[in-house]
Amino acid sequence: MILAAGRGERMRPLTDRLPKPLVPLAGRPLIEHALGRLLAAGVRDIVINLGYRGAQIREHLGDGAAWGARIRYSEEGDPPLETGGGLLHALPLLGAEPFLVVNADVYAELDLAPLAALALALPANRLAHLVLVPNPEFHRGGDFVLDGYAIVEPADPAAPRLTYSGIAVLRPQLFDGCTPGRFPMAPLWRAAAARGQVGGQRYDGRWSDVGTPQRLAELESQLQAPR
């Protein structure tokens, strides 16, 4: 699943007329970078949630045939349902098995093939597997503590944390008992982590949460620089 419903307030004025996933990066809309990574990993059945100016995304990507994929859309309207509410709303399209989810506004040069394989073989006692990255300047406190390949809720609240990358494998049962509507994902992950049901991994490659025009410009410069 590609999460693409957000309003992109911090990206204004770029998002005054465009949904954030269609803002260009290195000559391609942000969502095409996410889609390309999924296709390279062998993922062909894709769900995209739509909210703010979602019709433009649907018009741009269509049914996926031009990309060699099958794309279906989960309509949320505007305002969207936040990450948790949006995923719960999309579950009828996603089915009963674990699935890979990526944020449309995250750029990561991560090979998604191992995560796509993990979605097919997620241990029965795992409700989620999160990809974490070193804390960026705008989020120095981080989100989660990674202990080996497990995300834990430590006894020491000052334990060093990493930042959620916007890439994960989720099991639909994570949403058992949730009520439809707007809600975030973090409380669900924290509760499951406290029960020992969340795995994770650290990614140290190129990654950016393209949340502001400044971050977009910085990433453009990095991508244009010689390697």
Side-chain angles (χ1 to χ4, degrees), residues 1-6 19-21 30-52 54-55 57-58 60-65 67-106 108 110 112-131 151 164-193 197-201:
M1 179 163 184
I2 302 177
L3 294 170
K20 187 177 178 182
L30 281 168
I31 198 169
E32 285 191 21
H33 292 275
L35 178 61
R37 294 280 172 191
L38 289 169
L39 295 175
V43 178
R44 295 292 181 270
D45 194 10
I46 297 167
V47 174
I48 301 174
N49 66 337
L50 300 179
Y52 173 71
I57 297 173
R58 183 191 287 271
H60 184 77
L61 296 179
D63 64 2
W67 309 85
R70 178 193 181 206
I71 296 178
R72 292 172 294 164
Y73 297 94
S74 177
E75 297 278 358
E76 296 182 20
D78 189 25
L81 297 173
E82 297 190 56
T83 302
L87 286 167
L88 177 63
H89 186 69
L91 286 187
L93 296 175
L94 291 165
E97 300 302 320
F99 57 91
L100 176 59
V101 58
V102 299
N103 288 2
D105 59 356
V106 159
L110 172 66
L112 296 181
L115 289 172
L118 178 63
L120 299 175
L122 191 67
N125 65 334
R126 289 292 169 105
L127 295 181
H129 179 93
L130 310 184
V131 178
I151 288 176
Y164 173 55
S165 69
I167 303 169
V169 173
L170 305 180
R171 189 179 289 280
Q173 288 75 14
L174 178 65
F175 299 89
D176 286 353
C178 290
T179 301
R182 291 171 56 87
F183 63 89
M185 279 301 305
L188 296 183
W189 286 328
R190 295 190 196 288
Q197 294 178 298
V198 181
Q201 67 187 74

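Just so it is clear, the structure is predicted and the values come from calculations on it, not from any experiment. Keep in mind that the numbers below use all heavy atoms, side chains included, and drop hydrogens, waters and symmetry copies.
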On a heavy-atom basis, which atom in Ile151 and which in Gly199 lie closest, and how many Å separate them? CD1-O, 3.6 Å
Where is the tightest heavy-atom contact between Ala119 and Pro98, given as atom of each residue plus distance? O-CB, 3.3 Å
Side chain Tyr73, main chain Gly62, donor-acceptor under 3.5 Å: yes
Any side-chain heavy-atom pair from Phe175 and Met185 closer than 4.5 angstrom? yes
How about Arg72 and Ile46: do any of their side-chain heavy atoms sit closer than 4.5 Å? no
Between Arg171 (side chain) and Leu122 (backbone), is there a donor-acceptor pair under 3.5 Å? yes
For residues Tyr52 and Lys20, determine if any side-chain heavy atom of one lies less than 4.5 Å from a side-chain heavy atom of the other. no
Taking only residues at least two apart or on different chains, which pairs with a member in residues 79-93 satisfy salt bridge (charged side-chain N to carboxylate O under 4.0 Å, His left out)? Glu82-Arg182
Here the pair of heavy atoms bringing Leu87 nearest to Leu94 is O-CD1, 4.4 Å
Between Ala5 and Pro80, which heavy-atom pair has the shortest distance, and what is it? O-CG, 3.3 Å
Answer yes or no: is there a side-chain heavy-atom contact under 4.5 Å between Val43 and Leu112? no
Separation between OG1 of Thr179 and CG of Leu88, rounded to the nearest 0.5 Å: 8.5 Å
Residues in ring pair (Phe, Tyr, Trp, His ring centres under 6.0 Å) contact with Phe99, at least two apart in sequence or another chain: none
Output the distance between atom CZ (Arg37) and atom CG (Leu115), rounded to the nearest 0.5 Å. 12.5 Å
State which residues pass ring pair (Phe, Tyr, Trp, His ring centres under 6.0 Å) with His89; sequence neighbours excluded, sorted by chain then number. none
First locate atom CG of Leu91, then atom CG of Leu174, and finally report the distance between them rounded to the nearest 0.5 Å. 9.5 Å
Interatomic distance, Arg70 atom CZ to Asp45 atom CG [nearest 0.5 angstrom]: 5.0 Å
Heavy-atom side-chain contact between Trp189 and Leu170 under 4.5 Å: yes
Could I get the full list of side-chain hydrogen bond (donor to acceptor under 3.5 Å, both in side chains) partners for Gln173, not counting sequence neighbours? none
In Å and rounded to the nearest 0.5 Å, what is the CG to CE distance from Leu100 to Met1? 11.5 Å
Output every pair passing side-chain hydrogen bond (donor to acceptor under 3.5 Å, both in side chains) with a member in residues 119-129, not counting sequence neighbours, ordered by first then second residue. His129-Gln201
Sub-3.5 Å donor-acceptor pair from the side chain of Asn49 to the main-chain atoms of Ala4, do we have one? yes
Over all heavy atoms of both residues, which pair between Val198 and Ala193 is shortest? Give the atoms and the distance, please. CG2-N, 3.5 Å
Contacts of Asn103 that satisfy side-chain contact (heavy atoms from CB on, under 4.5 Å) - sequence neighbours left out: Leu3, Asp105, Val106
Distance (rounded to the nearest 0.5 Å) between Leu120 CG and Glu97 CD: 9.0 Å
Report yes if some heavy atom in the side chain of Leu188 is under 4.5 Å from a heavy atom in the side chain of Cys178; otherwise report no. yes
Contact summary for Leu81 and Gly86, nearest pair of heavy atoms: CB-N, 3.5 Å
